[in-house]
Amino acid sequence: MHVLVTGGAGYIGSHTVLLLLEEGHTVSVLDNFSNSSPESLLRVQKLTDRAVEVYEADLLDRDELHGIVMRSRPDAVIHFAGLKAVGESVSEPLLYYRNNVVGTLNLLDAMSAAGCKKLVFSSSATVYGDSVELPLLETTVRSATNPYGRTKLHIEEMLEELGASNPQWSIANLRYFNPVGAHESGQIGEDPQGVPNNLMPFVAQVAIGKREKVNIFGDDYATADGTGVRDYIHVMDLAAGHLAALNYLSTHKGVNAWNLGTGHGTSVLEVIQAFARVSKRDVPYKVVERRPGDVAESYAHPEKAMLDLGWKAERGLEQMVEDMWRWQEQNPDGYRQNV
Ligand code: NAD
Ligand code: UD1
């Protein structure tokens with residue numbers, strides 16, 4: 001299959017491109033490199049000994065986008081491109097609506113014009129808002145607590161309406177829980193710009209000595225040890241979920257949502273302890289105030305993906321941390337040392 005991957009140079013995109021190539025698909029990537037480096041794709045090509053067609057382009061440039069989709073004639077599109085920083089979305093909501101919602105709208109127009117109607121969309125567990133119903137099921141009521149989350153919600157709804165208007169579309173809304181880890185080679189991984197917002201990359205930078213200590217955002221939640229609990233999922237398991245979804249789309253029409261999570265919750269303290277164990281380094285921490293907007297606990301009910309897609313997460317916390325640590329040790333400055 002020929003797959004166009006938007007945002008394919010980014011964290012989850014680069015790991016998925018690698019797996020697509022390994023499985024024998026051909027891949028075109030469209031990325032504006034606003035939050036990534038072309039180096040990730042150079043490394044993916046080296047690791048797989050396969051070539052990727054790379055277009056440096058912006059989803060907001062409608063003419064260029066149409067030209068690229070027409071030229072590359074994909075059988076399916078995996079759509080990762082988007083902005084994802086919750087705090088930034090609160091201070092720059094229009095930037096998020098424009099980039100994520102309008103960018104997706106432009107992509108759908110270009111796909112329609114090129115006759116491509118298979119789409120895998122990067123949604124997020126953030127569409128469950130602050131739901132207290134656990135585990136989170138695909139049928140759990142959706143809501144948003146910030147503009148980033150609302151862009152995902154709007155896009156899911158837009159895709160549902162598109163599918164209802166034209167039954168030729170095959171669309172997968174994949175709701176990721178908390179993606180972490182890196183490819184086992186240590187060659188590609190997450191490369192956050194500036195101070196990481198998310199727990200795991202922050203802990204990795206403390207372990208390597210780039211930051212002094214982890215701030216634990218509250219230890220008074222109603223969880224086993226009082227710290228926040230999340231469903232961390234290895235990025236290679238997540239990548240495999242995209243291939244399973246593509247497979248499904250080749251034989252099914254309609255719009256579907258699937259949770260991609262492990263179904264298992266891990267606390268902040270457990271993450272810190274696992275990192276200290278694997279890295280054999282000290283990981284100092286301090287308990288501070290809760291972060292506004294955080295929920296105590298979030299984890300998936302992952303059965304639907306197993307039933308429909310035959311997919312389930314295989315890797316546990318130990319492997320997530322080991323792979324992340326290998327990437328961190330081999331690339332203390334991410335991709336920057338090579339650009
Ligand atoms: P990322 O920032 O590493 O990758 C996104 C890629 O999209 C980047 O390479 C960026 O340069 C590109 N991009 C952004 N806007 C673009 C535009 N207008 N035109 C072309 N390219 C553009 O992020 P990621 O962690 O790989 O996330 C991928 C997708 O998954 C995003 O849509 C994100 O919202 C979603 N998601 C991520 C997480 C997470 O924790 N990483 C969780 C749930 C959902
Ligand atoms: C965050 C986003 C969410 C997004 C998800 C993707 C917010 C409010 N939410 O969720 O929209 O879909 O990432 O992965 O940003 N923690 C600390 N110290 C830190 C960082 C985090 O204690 O320095 C805690 C948090 O309180 C939470 C857990 O670690 O309990 C995980 O946090 P994080 O990695 O930011 O993910 P989410 O909060 O799940």
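Predicted model, so just to flag it, every value in this text is computed and none were measured. Note that ligands are numbered from 1 as they come in the structure, with each ligand's atoms numbered from 1 the same way.
Given atom 24 (C) of ligand 2, the protein heavy atom at minimum distance is Val268 CG2, 3.6 Å. Among protein heavy atoms, the minimum distance from atom 32 (O) of ligand 2 is reached at Arg291 NH2, 3.5 Å. At the shortest separation from atom 37 (C) of ligand 1 among protein heavy atoms lies Ile12 CD1, 3.8 Å. Counting only heavy atoms of the protein, atom 8 (C) of ligand 2 lies nearest to Asp294 OD1, 3.6 Å. The protein atom (non-hydrogen) at minimum distance from atom 7 (C) of ligand 2 is Val86 CG2, 3.6 Å.
No close placement of the Trp258 and Phe177 rings is indicated, their centers lying 6.0 Å or farther apart.
At under 3.5 Å, a nitrogen or oxygen of Asn99, whether backbone or side chain, sits near a nitrogen or oxygen of ligand 1. Annotation: Leu59 places an N or O atom under 3.5 Å from an N or O atom of ligand 1; distance criterion only. For the pair Tyr148 and ligand 1, the shortest N or O to N or O distance falls below 3.5 Å. Between Leu199 and ligand 2, at least one N/O pair is under 3.5 Å apart. The distance criterion of under 3.5 Å between nitrogen or oxygen atoms is met by Ser36 with respect to ligand 1. Looking at ligand 1, you won't find any N or O of Pro179 less than 3.5 Å from one of its N or O atoms.
Residue Asn35 touches ligand 1 through backbone and side chain together, judged by heavy-atom distances below 4.0 Å. Contacts between Asn146 and ligand 2, counted as non-hydrogen atom pairs separated by less than 4.0 Å, are absent for every part of the residue.
Considering Phe217, Tyr285, Tyr232 only, the shortest heavy-atom separation from atom 22 (O) of ligand 2 involves Phe217. The heavy atom nearest to atom 18 (N) of ligand 2, considering only Ile216, Thr145, Leu269, Asn215, is found in Asn215. Of all the listed residues (Val206, Val180, Asn198), Asn198 holds the heavy atom that lies closest to atom 33 (P) of ligand 2.
Against a heavy-atom cut-off of under 4.0 Å, Thr126 is close to the following atoms of ligand 2: 11 (O), 12 (O).
In this structure, atom 1 (C) of ligand 2 has a protein heavy-atom contact shorter than 4.0 Å.
In this structure, Ser124 has a heavy atom closer than 4.0 Å to ligand 2.
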